[in-house]
Undergrad: 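Can you read through this structure? Questions will come right after.
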Number of protein chains: 2
Amino acid sequence: MPSQGRRERAREERRRLIVQTARELAEAEGWEAVTTRRLAEKVDYSQPVLYSHFPNMTAITTAVALEGVEELTVALGEAEGLREVAAAYLRFAEEHPALYEAMFVRRTDLSFGSDETPAALIAAFGEIRQAVEPFARDGVDVETLTEVFWSALHGQATLNHTARLRPDHLQARADILVTLLTT
Amino acid sequence: MPSQGRRERAREERRRLIVQTARELAEAEGWEAVTTRRLAEKVDYSQPVLYSHFPNMTAITTAVALEGVEELTVALGEAEGLREVAAAYLRFAEEHPALYEAMFVRRTDLSFGSDETPAALIAAFGEIRQAVEPFARDGVDVETLTEVFWSALHGQATLNHTARLRPDHLQARADILVTLLTT
DNA sequence: ACTGAATCCTAGCATCGCTAGACAATCTAG
DNA sequence: CTAGATTGTCTAGCGATGCTAGGATTCAGT
């Protein structure tokens with residue numbers, strides 16, 4: 001069945017088109033602009049086509065989020081040491097605000113604590129953990145310390161983005177956080 | 001004009017009724033359940049009445065958020081020392097998730113960095129700052145350090161709530177954060 | 001060429017935030 | 001005490017939203 005393969009390939013490609021378009025639309029105009037109608041119009045199909053690929057709208061944002069997690073993992077992997085990891089994390093959140101929002105702020109179908117947690121998500125956490133490990137003191141669990149560090153980064157990322165912290169001092173905040181852990 | 005006062009009082013009371021009902025509805029069923037229709041039905045008025053008190057729906061959530069900030073300030077004020085402040089903050093977020101979401105996650109009309117920043121918001125930040133101050137090292141700006149600490153708390157609060165961190169270890173994470181600052 | 005399956009669209013449902021316009025209640029002035 | 005103006009409130013409706021049913025169209029295998 002040669003056409004079987006072609007069909008599946010076409011489906012796969014169209015799925016990617018949908019996800020990518022959703023992402024672009026979100027980064028250009030925010031997630032509230034990503035509606036089924038606008039998205040369908042942009043990919044030049046009707047709305048029901050979206051539903052032949054995804055069960056609902058949030059599944060689309062979940063797909064976008066997953067893409068983001070993979071890219072974040074790469075970005076963190078290229079960073080050396082805790083300071084660079086922190087910088088890379090915050091830079092990623094700042095450069096891709098809509099993506100970051102899908103990953104860690106909006107409600108998605110991404111499972112975090114369970115067996116179905118995507119490998120990409122575990123990998124990203126592993127990158128942070130690796131950077132944190134050398135600074136684990138005495139009897140402190142590395143896993144927990146990593147959660148603390150990640151939470152602190154996440155807090156800065158979200159509060160920065162929603163204009164709840166002073167825009168300057170952005171770098172200073174990152175520095176202080178790293179210093180707290182490393183000294 | 002005696003009736004003038006009575007009318008205003010009635011208006012004021014109804015406004016409070018709207019805000020309180022919105023808050024209850026949000027805490028009971030989440031903010032997505034707080035629609036103009038459901039809210040109007042609950043307060044036993046028609047939708048346009050809401051708009052005679054608030055310009056739009058987000059203004060209602062802003063009013064709820066402001067209430068929350070005031071209550072948070074009280075809760076933090078009763079806490080002594082950094083450890084208790086952290087505990088009080090995280091407890092507040094956990095016990096009033098919808099309220100917390102309105103305050104620091106959802107988009108509202110609350111202004112954070114400007115001259116129109118509500119006094120309650122400044123007061124809440126001041127409570128945290130007061131607890132952080134004794135632990136400001138060397139040349140570190142207290143204001144910035146407070147932002148770092150608040151961000152870290154906020155990160156834990158939100159990631160806890162959205163089930164992105166291990167539910168046990170909740171206390172351990174708070175402890176580690178405080179220890180990082182105080183040693 | 002024919003049949004069955006896969007694909008896609010039009011049209012529509014219930015619900016959303018928000019508003020215009022009509023009606024009723026209340027207050028002010030003579 | 002009544003006439004007119006003001007205020008309060010509702011019904012009805014607009015343009016959107018996410019999502020789905022049903023029929024038309026295209027394609028695959030025989």
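Scope of the values below: all heavy atoms of this structure, side chains included, with no hydrogens, waters or symmetry mates. Chain letters run A, B, ... following the sequence lines, proteins first and then strands; every chain starts at 1.
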Undergrad: Without decimals, in angstroms, what is the distance between I60(B) CD1 and dG17(C) C1'?
TA: 11 Å
Undergrad: Rounded to the Å, how far apart are R37(B) CZ and dC14(D) C1'?
TA: 11 Å
Undergrad: Is E71(B) salt-bridged to R23(B), cutoff N-O under 4.0 Å?
TA: yes
Undergrad: Please report, rounded to the nearest Å, how far the P atom of dC9(C) is from the CD atom of E41(A).
TA: 13 Å
Undergrad: Would you mind reading off the distance between L50(A) atom CG and dT20(D) atom P, rounded to a whole angstrom?
TA: 12 Å
Undergrad: Of the nucleotides dT19(C), dT7(C), dC9(C), which one has an atom closest to the side chain of P48(B)?
TA: dT19(C)
Undergrad: From C-beta outward on M57(B), which listed nucleotide comes closest to its side chain: dC18(C), dC19(D), dT9(D)?
TA: dC18(C)
Undergrad: In whole angstrom, what separates R38(B)'s CZ from dA14(C)'s P?
TA: 18 Å
Undergrad: Taking NE2 from H53(B) and C1' from dT19(C), how many angstroms apart are they, rounded to a whole number?
TA: 17 Å
Undergrad: Quickly work out the Y51(B) OH to dT19(C) P distance and round it to whole Å.
TA: 7 Å
Undergrad: How many whole angstroms separate atom CD of E32(A) from atom C1' of dG15(D)?
TA: 17 Å
Undergrad: So, under a plain 3.5 Å distance rule, would you say the side chain of Q47(A) forms a donor-acceptor pair with the base of dC9(C)?
TA: no
Undergrad: Tell me which of V34(A) and S52(B) sits closer to the 5' end of DNA chain D, going by the nucleotide each one is nearest to.
TA: S52(B)
Undergrad: For the side chain of R83(A) and the backbone of T179(A), is there at least one donor-acceptor N/O pair under 3.5 Å apart?
TA: no
Undergrad: Answer with base, sugar-phosphate or nothing: what part of the nucleic acid does R14(A) contact at a heavy-atom distance below 4.0 Å?
TA: sugar-phosphate
Undergrad: Can you figure out which of dG18(D), dC9(C), dC18(C) approaches the side chain of T36(B) most closely?
TA: dC18(C)
Undergrad: Does any non-hydrogen side-chain atom of T36(B) lie less than 4.5 Å from one of Y51(B)?
TA: yes
Undergrad: Between dT11(D), dG17(C), dC9(C), which one does the side chain of T35(B) approach most closely?
TA: dG17(C)
Undergrad: Does a side-chain heavy-atom distance below 4.5 Å link L76(A) with F92(A)?
TA: no
Undergrad: I60(B) versus H53(B): any side-chain heavy-atom pair under 4.5 Å?
TA: no
